[in-house]
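Here is the structure we will look at.
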Amino acid sequence: MLWTASQVLRKFSTSSHYYQNKLKLAIIGQSLFGQEVYSNLRKQGHKVVGVFTVPDKDGKADPLAVAAEKDGTPVFKFPRWRVKGKPIPEVVEAYKAVGAELNVMPFCSQFIPMNIIDHPQHGSIIYHPSILPLHRGASAINWTLIHGDKKAGFTVFWADDGLDTGPILLQRECAVEPNDTVDTLYNRFLFPEGIKSMVKSVQLIADGKAPRVPQSEEGATYEGIQKKSNSKVNLAQPAEAIHNWIRGHDKVPGAWAVIGGQPVTLYGSSVLGGSVPAGQPLEIEGASQPGLVTKNGLVLHGTDGKAVMVKNLQFEDGKMISASKYFSSGESSSVELTDDEKKMAEEIRNIWKGILSNVSAIEDTTDFFKAGAASMDVVRLVEEVKQKCEGVQLQTEDVYMATTYKDFIQMFVRRLRGEDQEEEQVIDYATKDVNNMTVKMPHQCFLNGSFEDAEDGKTYATVNPTDGSVICNVSYASVGDVDRAVAAAKEAFENGPWGRMNPRDKGSLLYKLADLMEEHQEELATIESIDSGAVYTLALKTHVGMSIQTFRYFAGWCDKIQGKTIPINQARPNRNLTFTKKEPLGVCAIVIPWNYPLMMLAWKSAACLAAGNTLVLKPAQVTPLTALKFAELSVKAGFPKGVINILPGSGGMVGQRLSDHPDIRKLGFTGSTPIGKQIMKSCALSNLKKVSLELGGKSPLIIFSDCDMDKAVRMGMSSVYFNKGENCIAAGRLFVEESIHDEFISRVVAEIKKMKIGDPLDRSTDHGPQNHKAHMDKLLEYCEVGVKEGATLVYGGKQVDRPGFFMEPTVFTDVEDHMFIAIEESFGPVMVVSKFKDGDVEDVLRRANNTEYGLASGVFTRDINKAMYVSERLEAGTVFVNTYNKTDVASPFGGFKQSGFGKDLGEDALSEYLKTKAVTVEY
């Protein structure tokens, strides 16, 4: 018996809710929200003694009633609780008979008498979708958006005899996104968090810990109920107000305007950033000027000179169309179904029958909504069809646009065949005839799958460093653009097809993207060359070539990310299974530098996407063009909307907002150490987001007298002058053994004199322009400081006398350890050389490690024992032996000390974008 008792105690200890106090509850309300509150309260061990909901409508029971009846819970469907203001005695008696200790009212459209409200021991609690005392009344969510509130939320309060005036038990709030609608706000926050909070509130009451905070009347507001009759939009007001009115009624009850003599409901609005696109005028009643039907939707003009874009229109008969198709004549022809498609159509007919249980038969002309379907039925239809027909992409809007059974099947079959895809994206390219080709360059922000101007319409010039000419103007992203991009990435991760896609299919998309990059490699290399100054041959092989390899490498990892099983101590007689899962983090931000614009994008984003995350990437302000071309290719590869977002602009604005944003879970940065420290601080203060940093370097290269001199000269020059010295792992300081020092220097100078400096698109050019003027000026100042401190300028140190930002390859000798150029990184074509005494390995190691950086290092020697000893002692993330700059997609890359932490490339890089979850099961 003792064993049995201990077993029982252990069994009960596995679930914390067995220790909590429980209540007898009456659930008064309706809807899917009421159903979820009911189900979750029962799971927590509370006893629901009665459910009081609305009568069946058109033969269909409310979801709350369906769930309760299935569980055997008593269900009461009273059409009303009172007549002429007085409670109905039979209803009151039926309610009292269940013996509830608390009334829980998650969503209730009926008037409940006070003798019901006050009857239970603990009274009644109500869920209200606003931050009380703001927006009392039945249309609280609508008015939150109509007023343009920056915060939304909900309140659980104690019911009293006022209208939403009772004491507050619990409140939660969230930020309102710029394009939130009633639906998105409800689905993202008010619905899921409201369910949790109702359950929590009941438990607080059961435990005697529930507060009663009186509502303040200061700042209290009450607005009337929004219905179709009073939701007509006033177009004689600023664009922001028009947008707020439309989204504040989207989807229910729907804001409308009179177009063509009939009411037309407007859905999917956003304030238009930048210039108004070209379109066909459309007269709208009450508008100060005609609307415009454009390729992106219907433009409505505000009185402030700004405009609103509306995505969809719905007519009086319930038919919804894309606003861009308003003037399209005729309907698309019907498609003939194959035998397999006919079978699918019958399965879908059965789904319609299950939802529209009040309809005797589903005919081709059966209208989903006229047959009694509500918004929750739309969600059910979409999800059931997707479950039945895996791979088909459907959204709730598709149901509104194909309301009859026949239209729905036609739409479904076209979608299944891939015939109903969105029109090919229209991109406003900047074009340039260069390098024997016409390059086409997107130059706008890439947000949620499309290119668009920055929110405020601002642009800046990106410059060709070869001659200082302007290539094109590029959108200058704002804080608002960051918020929209993050919202799109979050939606794509949490609710879009990317989050549901299996890893192997994600890998296929990455492979396809790599193939498209390879198809466009000459164009990408040309854009990289004119935007960053990279020598074309190097851009083709390294900037672009390694980017392609990186995506292919990580594409192969997508379906190989695994956890592990772990043996743990068993609590006999039960057994345990413990395993780990590797899960994506969510929305990740990536901020990349200007020296390898495309390759740095690939190093970080390929691992990020392979791990299953979505991303918002900020390219360097001076080199945005290959990142935007990459975005175009990602659309062609088939990446879902919102998975990849690219925002050109300033680090101080865009980068800072990414660091601060509460919805970003990881930030990967490559750049300077001071900026890396600021990013780390911001990430910590905002939401403790995960960070990986690849920062500055002063990589030492040690050349011993027993080296292969030819190789040491060739690779030593490459270690400094590769990519014009704009190289994270460039050898910032060379230590050359005294006995070979002079020969090494003379041979280096002789080779420099052979180098061709010139147009990076010339295939014979060895050395192109520095990335931008400010950087070249900094390099000239760096050389001036070296000379002033007493170092010997052997060669170079000046700007080349020609247009553009060309710097002579430079050599300094006699550099002492205390000098500025011995300590600080140049990030340019400047070789900084110091001697060390013959045979003094320990002293040169001490000097090489006497730096706050630790990104890379190198050693040249024929003595393998010496090489291994030195490589062990060098404090750097990468050590090259008898080579340099030899990186590979499979080898991890990252630094020590103030060169940062975290890895790019190799399997290690995946860990930067994954979290580990441990699961223990007792059986």
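Here, residue 1 is the first one in the sequence, and each next residue gets the next number. Quick caveat: nothing in here was measured; it's all calculated off a predicted structure.
Using modelled atom types, one finds a donor on one side chain and an acceptor on the other under 3.5 Å when comparing Thr404 with Asp407. A donor atom on one side chain and an acceptor atom on the other are not found under 3.5 Å apart for Thr916 and Lys581.
The main-chain N or O of Ile664 is found under 3.5 Å from a side-chain atom of Asn687 such that the two form a donor-acceptor pair. With hydrogens and angles ignored, the 3.5 Å screen pairs a side-chain donor or acceptor of Lys666 with a backbone N or O of Glu912. In this structure, the side chain of Lys618 does not engage the main chain of Ala589 through any donor-acceptor pair within 3.5 Å.
Salt bridge status for Asp481 with Arg484: present, with a side-chain N to carboxylate O gap under 4.0 Å. Salt bridge status for Glu384 with Lys388: absent, with no side-chain N to carboxylate O gap under 4.0 Å.
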Pair Ser475, Gln444 - check side chain to side chain donor-acceptor pair (under 3.5 Å), show working. CA-CA 5 Å; Ser475 291; Gln444 297 165 294; 5.5 Å; no
Show, in sequence, the C-alpha distance, side-chain angles and deciding distance for Lys458 and Ser478, and conclude whether the side chain to side chain donor-acceptor pair (under 3.5 Å) test is met. CA-CA 8 Å; Lys458 288 185 179 179; Ser478 67; over 6 Å; no
In sequence, state the C-alpha distance, the side-chain angles, and the governing distance for Ser682 and Gln656, and then conclude on side chain to side chain donor-acceptor pair (under 3.5 Å). CA-CA 8 Å; Ser682 297; Gln656 186 61 52; 2.9 Å; yes
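Using a 4.5 Å cut-off on side-chain heavy atoms (C-beta onward), Val889 and Met546 make contact. Side chains of Phe669 and Val691 form no contact here, defined as non-hydrogen atoms less than 4.5 Å apart.
Both cation-pi conditions hold for Lys251 and Tyr267: the charged atom is under 6.0 angstrom from the six-membered ring centre and inside a 45 degree cone around its axis.
Between Tyr405 and Trp352, the distance from one ring center to the other falls under 6.0 angstrom. You'll find the ring centres of Phe551 and Phe630 inside the 6.0 Å limit.
Across Asp180, Asp183, Asn495, a single residue satisfies side chain to side chain donor-acceptor pair (under 3.5 Å) together with Arg188, and that is Asp180.
Taking the six-membered ring where tryptophan is involved, the planes of Phe446 and Phe451 are tilted, since the angle between them lies from 30° to 60°. Ring geometry for Tyr553 versus Trp557: interplanar angle over 60°, hence perpendicular rather than tilted (30 to 60°). Note on ring orientation: taking the six-membered ring where Trp is involved, the planes of Tyr596 and His543 are tilted (angle from 30° to 60°).
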